[in-house]
Protein chains: 2
Amino acid sequence: MEYSRFGWSAFTMDGVARKAGVGKAALYRRWPDKASLLLDALEARSAIISTISVTGDLLADLTSLGAALLEHFLDPYGWATLRAAVDAASDTPSVAGFHDRLVATHREAATDLFERYVVAGDLSSVVSADVMAEQFFGAVLMHVLALPPEERARVRAASRHVAGPIVDLFLAGARTR
Amino acid sequence: MEYSRFGWSAFTMDGVARKAGVGKAALYRRWPDKASLLLDALEARSAIISTISVTGDLLADLTSLGAALLEHFLDPYGWATLRAAVDAASDTPSVAGFHDRLVATHREAATDLFERYVVAGDLSSVVSADVMAEQFFGAVLMHVLALPPEERARVRAASRHVAGPIVDLFLAGARTR
């Protein structure tokens with residue numbers, strides 16, 4: 001995905017049309033501009049939380065979520081979502097409207113999941129579910145950001161194993177005592 | 001800073017020369033290409049940990065670090081560092097070499113700080129200092145990424161206050177019991 005590798009300025013309707021083997025007119029009939037095309041493409045692939053099976057076992061579910069998030073950030077679409085979030089918060093004029101849609105997609109699902117465990121008494125209610133969700137997602141993201149490029153494939157293949165210590169540290173703080 | 005707003009493709013030696021009011025030849029005498037110019041500019045502003053005063057009081061120090069990181073990510077140079085990390089991990093050909101230098105700058109200082117507290121017995125030695133540093137930095141980064149653009153100024157002005165819950169949740173898990 002071009003946007004994922006080269007960013008906003010290099011991402012064009014022309015380029016998408018060429019890659020997809022369709023005419024530009026066809027693209028413009030469906031999407032008024034490249035921002036809406038990109039958002040639709042990203043949203044279609046970004047519903048991470050809906051891809052994990054929530055069993056009610058906190059450790060198992062967070063390990064699944066951590067592994068799914070690692071794979072997401074290591075995938076061109078997930079990476080593109082991160083790049084779009086960076087662009088959206090950068091005053092890049094044409095993507096200013098991205099922020100609400102991108103964050104909402106992730107935040108609502110994440111906060112819902114964490115809140116379910118607070119209600120069940122498994123996660124502490126001392127810190128808000130928002131702060132918990134940000135810390136968990138952030139820990140995974142930072143692990144991917146700090147990864148040497150040559151280790152990306154290894155982590156993707158061993159995502160549950162790599163998620164282990166991240167989940168352990170998170171739960172040490174967030175679990176009810 | 002142009003790179004911070006518009007990214008790699010839009011960042012050019014021409015643009016930098018124009019903004020700085022110097023000739024392109026002068027830039028090229030000092031930096032062989034735009035990648036080295038950008039890295040030098042980012043490194044000069046990225047030594048966050050060296051800007052906080054380490055008192056030995058874990059809660060106080062992490063609050064200072066959290067506040068400094070929030071301000072860093074909300075500043076054009078800090079933001080540009082994040083963008084460079086995204087570009088560096090994106091196979092964008094010309095910035096492939098970035099990764100080591102960017103990550104090293106941050107990781108070494110962060111891991112050193114966290115390890116100092118492990119040695120002092122304040123932070124648990126169950127999880128590695130790397131995982132702790134990534135979780136702490138990641139939690140702050142994700143908070144900034146999820147922030148609606150209109151709230152950036154408020155958070156920057158109240159960075160210690162905003163860092164509070166992030167530090168609390170982190171310490172609940174990472175502190176020695």
Side-chain angles (χ1 to χ4, degrees), chain A residues 4-11 73-74 76 79-80 82-83 85-93 96 99-100 102-103 106-107 110 124 126-128 130-150 152 164-166 168-175 177, chain B residues 4-11 73-74 76 79-80 82-83 85-93 96 99-100 102-103 106-107 110 124 126-128 130-150 152 164-166 168-175 177:
Chain A
S4 174
R5 289 186 65 197
F6 301 113
W8 182 252
S9 320
F11 173 77
F73 287 127
L74 287 166
W79 195 253
L82 169 64
R83 189 187 274 287
V86 172
D87 283 342
S90 299
D91 303 329
T92 310
H99 190 273
D100 289 353
L102 275 180
V103 171
H106 286 90
R107 184 196 284 283
S124 158
V126 175
V127 176
S128 78
D130 264 2
V131 174
M132 285 194 266
E134 285 176 5
Q135 188 151 132
F136 190 76
F137 278 60
V140 176
L141 171 61
M142 192 54 84
H143 188 74
V144 172
L145 274 177
L147 216 53
E150 65 274 17
R152 295 167 70 92
I166 299 173
D168 288 346
L169 175 57
F170 175 78
L171 281 183
R175 219 190 243 286
R177 269 191 281 281
Chain B
S4 173
R5 289 186 66 195
F6 302 113
W8 182 251
S9 319
F11 173 77
F73 287 128
L74 288 166
W79 195 251
L82 169 64
R83 189 188 273 287
V86 172
D87 283 342
S90 300
D91 302 327
T92 310
H99 190 272
D100 289 351
L102 275 179
V103 170
H106 286 90
R107 184 196 284 283
S124 159
V126 175
V127 177
S128 79
D130 264 2
V131 174
M132 286 195 264
E134 285 177 6
Q135 187 152 134
F136 189 78
F137 278 60
V140 175
L141 171 60
M142 192 53 87
H143 188 75
V144 172
L145 274 177
L147 216 53
E150 65 274 16
R152 294 169 70 91
I166 299 172
D168 288 347
L169 175 56
F170 175 78
L171 281 183
R175 219 189 243 287
R177 272 190 281 282

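First the proteins, then the strands, lettered A, B, ... as listed; each starts at 1.
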S.K.: What are the two closest non-hydrogen atoms of Ala146(A) and Glu134(B), and how far apart are they?
M.R.: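 Closest heavy-atom pair between Ala146(A) and Glu134(B): CB-OE2, 3.9 Å.
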S.K.: Quick check for you: among Met142(B), Gln135(B), His143(B), which has the greatest number of heavy-atom pairs under 4.5 Å with chain A?
M.R.: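 That would be Gln135(B).
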S.K.: Would you mind checking which part of Leu169(A) comes under 4.5 Å of any heavy atom in chain B, side chain (CB onward), backbone (N, CA, C, O), both or neither?
M.R.: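 Answer is both: backbone and side chain atoms of Leu169(A) are under 4.5 Å from chain B.
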S.K.: Please name all residues satisfying side chain to side chain donor-acceptor pair (under 3.5 Å) with Asp168(B), sequence neighbours left out, ordered by chain then number.
M.R.: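 Partners of Asp168(B) under the side chain to side chain donor-acceptor pair (under 3.5 Å) test: none.
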S.K.: Counting only non-hydrogen atoms closer than 4.5 Å, does Val131(A) touch chain B with its backbone (N, CA, C, O), its side chain (CB onward), both, or neither?
M.R.: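 Contact with chain B involves both backbone and side-chain atoms of Val131(A).
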S.K.: Examine whether an atom of Phe136(A) lies under 4.5 Å from a heavy atom of chain B, and if so say whether it belongs to the side chain, the backbone or both; otherwise answer neither.
M.R.: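 It is neither, since no heavy atom gets under 4.5 Å.
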